[in-house]
Amino acid sequence: MSHAVVITRTTTTTTSTSHVVLNTGYLRTTPGLLKLAQLIIGAINVGIVSWYLRRYHSVYASGNPELFFLLMAVAFLIGTFCLLVSCLVSLSTGGIISKTIYELVYHTIAFLLYLIASIILLVDVTNGRYHSSLKDSYMAASILGIIVSALYLFSALIAQRSYRGF
């Protein structure tokens, strides 16, 4: 009777003065790189929209697509940050969490909501409600939102492959 054996190499970084172990090898994997890219693009989106929303609009205006986009960007920025830090600080988290349903559900919901928020903002921008500098900034944010939602879709597909329940 034969069976398959999977050997995983984990690269860690430690310093002599602290007991913190960083799983730096996780950032060399596809899920690690995707989470890092999602985090960086999400932070750019939050920065762009929050800067212009604060300067030019009432945050509590009804039917505000910028606010919905900002809420989705902040929510998934925090969630992705928590996932990335968990996988970097723990040697076993990166390998274990990918085998659960959590990453599949999280990335699927992130893909759908980020895509919806990006499309709503893009449609609102193309309707010509904003002046030129604001329009260009929100257009860039909505395009970056579509890009990051594609990254979440790719992460969901990778999570679906590694999930052991299906």
Side-chain angles (χ1 to χ4, degrees), residues 6 8-13 21-54 64-127 130 133-166:
V6 177
T8 305
R9 179 184 296 174
T10 303
T11 305
T12 60
T13 304
V21 177
L22 290 179
N23 185 4
T24 56
Y26 183 73
L27 288 178
R28 294 186 190 118
T29 64
T30 303
L33 290 173
L34 284 171
K35 283 181 186 65
L36 185 63
Q38 292 160 358
L39 192 70
I40 291 169
I41 296 172
I44 292 169
N45 278 338
V46 169
I48 290 171
V49 175
S50 63
W51 173 261
Y52 286 102
L53 189 67
R54 181 182 63 86
N64 195 343
E66 307 96 294
L67 182 60
F68 178 61
F69 183 85
L70 182 63
L71 288 173
M72 292 304 102
V74 168
F76 295 116
L77 178 69
I78 292 169
T80 303
F81 176 76
C82 291
L83 270 173
L84 184 62
V85 168
S86 298
C87 292
L88 286 177
V89 173
S90 172
L91 293 175
S92 60
T93 300
I96 292 173
I97 203 162
S98 66
K99 292 174 181 56
T100 65
I101 192 81
Y102 177 75
E103 274 208 356
L104 177 60
V105 170
Y106 174 78
H107 288 109
T108 302
I109 291 172
F111 160 68
L112 290 172
L113 290 176
Y114 227 124
L115 183 65
I116 290 168
S118 298
I119 290 171
I120 289 173
L121 184 60
L122 186 62
V123 167
D124 197 52
V125 166
T126 57
N127 285 339
Y130 307 104
S133 68
L134 190 60
K135 182 178 182 175
D136 292 342
S137 299
Y138 283 164
M139 180 71 76
S142 62
I143 290 170
L144 285 174
I146 291 171
I147 291 169
V148 78
S149 66
L151 293 176
Y152 279 116
L153 175 63
F154 192 52
S155 292
L157 293 174
I158 290 173
Q160 193 272 334
R161 275 193 200 157
S162 63
Y163 175 56
R164 302 290 184 205
F166 288 145

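In what follows, residues are counted from 1 in the order of the sequence shown.
A pairwise comparison of heavy atoms in Ile158 and Pro31 identifies CG2-CG, 4.1 Å as the closest pair. Phe154 and Leu34 get closest at one heavy-atom pair: CD2-CD1, 3.4 Å.
Using the six-membered ring where Trp is involved, Tyr106 and Tyr152 have ring planes that are perpendicular, over 60° apart on the 30 and 60° scheme.
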Applying side chain to side chain contact (heavy atoms under 4.5 Å, CB included) to Leu153 and Leu115, what does each step give before you reach the verdict?
CA-CA 10 Å; Leu153 175 63; Leu115 183 65; over 6 Å; no
Hey, mind stepping through Asp124 and Tyr138 against side-chain hydrogen bond (donor to acceptor under 3.5 Å, both in side chains) and telling me if it holds?
CA-CA 9 Å; Asp124 197 52; Tyr138 283 164; over 6 Å; no
Derivation and outcome, side chain to side chain contact (heavy atoms under 4.5 Å, CB included), residues Ile120 and Phe69:
CA-CA 8 Å; Ile120 289 173; Phe69 183 85; over 6 Å; no
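Proximity of Leu144 to Val148: side-chain heavy atoms (C-beta onward) are nowhere separated by under 4.5 Å. Using a 4.5 Å heavy-atom cutoff, the side chains of Ile146 and Leu122 are in contact.
For CZ of Phe68, the number of neighbouring non-hydrogen atoms (other residues, nucleotides, ligands) closer than 6.0 Å is greater than 12.
A salt bridge (charged side-chain N to carboxylate O under 4.0 Å, His left out) check over residues 32-44, counting only residues at least two apart or in different chains, returns the pairs Lys35-Glu103.
With sequence neighbours left out, Leu112 forms a side-chain contact (heavy atoms from CB on, under 4.5 Å) with Thr108.
A donor-acceptor pair under 3.5 Å is formed between the side chain of Thr29 and the backbone N or O of Tyr26.
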